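Here's the structure, in structure tokens; my notes come after.
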Number of protein chains: 2
Amino acid sequence: MKPTEQRILEAAGKLFSQQGFHATGMRAIARAAKVSLGTIYHHFKSKEEMLLALLRDEYEKRRKAIEELKEEGLPVSVMIQRIAELHFRLLLEEGPSLRPLAQSLRGLSPMAKRRALAMRQAFVNYLASLIAEGIERGQIRRCDPTIAAYAFLGMVESVSARALEGDEVAERIQRMGPRELAEIAWRALAPKPS
Amino acid sequence: MKPTEQRILEAAGKLFSQQGFHATGMRAIARAAKVSLGTIYHHFKSKEEMLLALLRDEYEKRRKAIEELKEEGLPVSVMIQRIAELHFRLLLEEGPSLRPLAQSLRGLSPMAKRRALAMRQAFVNYLASLIAEGIERGQIRRCDPTIAAYAFLGMVESVSARALEGDEVAERIQRMGPRELAEIAWRALAPKPS
DNA sequence: ACGCTCCTATCGAACGTTCGTTTTACAAAA
DNA sequence: TTTTGTAAAACGAACGTTCGATAGGAGCGT
């Protein structure tokens, strides 16, 4: 990708995730990327297209990382822990993170909302397919994979969002969050009898 | 409350949760409440104050409902199930629901954001205190109550948000969601050995 | 090397709209 | 007569987007 496009997209991602999509103006993006308004519209068709491009990148980044984890052939319990850690790492890195971006769906044009929702559901379905696979192999207890996937994603996002607040509670959660989440998720999904 | 104020607040809550705070204009609220712009500003100081009033009401509604549950003296496992059901019920009822409202924090003025965050944290701390109580009594395994509270809230919000999409998957989640969530949460928190 | 055209990237002004808010006006009640 | 509730017009600012101008390089026939 052209360096200018990348700079614009990075600036937009940062601002969208900090302030929200609707609260971020095109002029603020232009200022942060050190380009003019016209330049942005030369590279991107609209503000919504920028959000969709960012969402696509973020989901793809996570899907690829999980795919790599999968190829390591780890036990499911370890893999769950790794995915929780992955989410924390991506969230604490500079740059846009999925959760704030995905929260901007309301108020979008119907078409853009459809596309954004489809991306999220595709990612959750990917998680659900991993869970279903684990169930078939007896590594995960019998449960509804889709609901379990939404529950897992929701708990990770909720805890990691709190870890970004910047107070001392947030620091503690940054340290202990991945471990506690892995413990919770593994107990919730482990194939042991009730 | 004066019927006019109530009508305005209800209209604002509905629109905020449907379209998001920033995507909802004061004129749309006025139209939906069948009053004029001036009337809204006669009753509320600003748009932000309306959001904060709505948030306060929603959190209070949940806190009160949980308090009533607590007085029934049910076992923890049942209580967890009831709280999950409670969230689903409140979400599916017409009217604003906490999750979409609480997502509107970014882009608010610093003061309003502080107040809104404090409300959410107070509610999570209330959940955490319930969990800590359960731990002391040996009804819940030893864990970090705060992280567990955020994880629980996150998973319930995530699953119930999906239950609102309107397709056939959403219908299935509406039926099975509370039960599956209760199962997941209880396994995650049960005091049995690893 | 030169003029010439074409294409791409960039800029910043300007468009019309909508924003949240303020102000003015008016009617009914106290 | 003052207060209260409502309406509607108007305010300045910011919004997302479009547009015309400008600059620079690539390709090319001469």
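The figures that follow rest on heavy atoms only: side chains count, while hydrogens, waters and symmetry mates do not. Just so you know, these numbers come straight off a predicted model, no measurement behind them. Labels below follow one simple rule: chain letters A, B, ... track the order of the sequence lines, proteins then strands, and each chain is numbered from 1.
- Every side-chain hydrogen bond (donor to acceptor under 3.5 Å, both in side chains) that Q81(B) has, sequence neighbours left out, goes to E85(B).
- Residues satisfying the ring pair (Phe, Tyr, Trp, His ring centres under 6.0 Å) criterion with F88(B), sequence neighbours excluded, are absent altogether.
- Looking at E165(A) and R120(B), no side-chain N of the basic residue comes within less than 4.0 Å of a carboxylate O on the acidic one, giving no salt bridge.
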Which atom pairs, one a donor and one an acceptor, fall under 3.5 Å between side chains of residues 106-113 of chain A and the rest of the protein, sequence neighbours left out?
| residue | atom | partner | partner atom | Å |
| --- | --- | --- | --- | --- |
| R106(A) | NH2 | Q103(B) | OE1 | 2.7 |
| S109(A) | OG | E48(A) | OE1 | 2.9 |
| S109(A) | OG | E48(A) | OE2 | 3.3 |
| S109(A) | OG | A112(A) | N | 3.2 |

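- Here E10(B) pairs with nothing under the side-chain hydrogen bond (donor to acceptor under 3.5 Å, both in side chains) rule; sequence neighbours left out.
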Give the B/S/- string for nucleotides 20-30 of chain C, one per nucleotide from 5' to 3', where a protein heavy atom under 4.0 Å of the base yields B, of only the sugar-phosphate yields S, and otherwise -. BBB--------

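- Using a 4.0 Å cut-off on heavy atoms, none of the residues of residues 110-118 of chain B approach DNA chain D.
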Using the rule given for side-chain hydrogen bond (donor to acceptor under 3.5 Å, both in side chains), can you reason through E67(B) versus Y126(B), listing the C-alpha separation, both sets of side-chain angles and the distance that settles it, and then say yes or no? CA-CA 10 Å; E67(B) 203 66 39; Y126(B) 175 68; 2.6 Å; yes

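- To the nearest angstrom, C1' of dT17(D) lies 13 Å from CE of M50(A).
- Between the CZ atom of R31(B) and the P atom of dA7(D) there is a distance of 14 Å, given to the nearest Å.
- By the side-chain hydrogen bond (donor to acceptor under 3.5 Å, both in side chains) test, R137(A) pairs with E133(A), sequence neighbours left out.
- When the P atom of dA7(D) is taken as reference, atom CD1 of I8(B) falls 9 Å away, rounded to whole Å.
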Tabulate protein N/O versus nucleotide N/O from nucleotides 6-9 of chain C, keeping only pairs under 3.5 Å, one per line.
| residue | atom | partner | partner atom | Å |
| --- | --- | --- | --- | --- |
| dA9(C) | OP1 | K2(A) | NZ | 2.9 |
| dA9(C) | OP2 | H42(A) | NE2 | 2.8 |

side-chain contact (heavy atoms from CB on, under 4.5 Å), that's the test. Do E180(B) and V159(B) meet it? Break it down for me. CA-CA 10 Å; E180(B) 289 274 341; V159(B) 173; over 6 Å; no

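- Atom CD of Q6(B) and atom P of dG5(D) are 16 Å apart (whole Å).
- Ion pairing between a basic and an acidic side chain is recognised when a charged N comes within 4.0 Å of a carboxylate O; R162(A) and D167(A) show such pairing.
- Look at CZ on F44(B): it is 11 Å from P on dT6(D), rounded to the nearest Å.
- Remark: E60(B) pairs with R63(B) by the side-chain hydrogen bond (donor to acceptor under 3.5 Å, both in side chains) rule, at least two apart or across chains.
- Scored by the ring pair (Phe, Tyr, Trp, His ring centres under 6.0 Å) test, Y150(B) finds no partners at all (sequence neighbours excluded).
- With sequence neighbours left out, R7(A) forms a salt bridge (charged side-chain N to carboxylate O under 4.0 Å, His left out) with no residue at all.
- Other residues, nucleotides and ligands contribute more than 12 heavy atoms inside 6.0 Å of the NZ atom of K61(A).
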Dot-bracket line, read 5' to 3' along DNA chain D, where crossing pairs take [ ] and | marks a partner on another strand, Watson-Crick or G-U under 3.5 Å: ||||||||||||||||||||||||||||||

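- When the P atom of dT18(C) is taken as reference, atom CD of Q19(B) falls 14 Å away, rounded to whole Å.
- Taking atom CZ of residue R7(B) and atom P of nucleotide dG5(D), one finds them 14 Å apart after rounding to whole Å.
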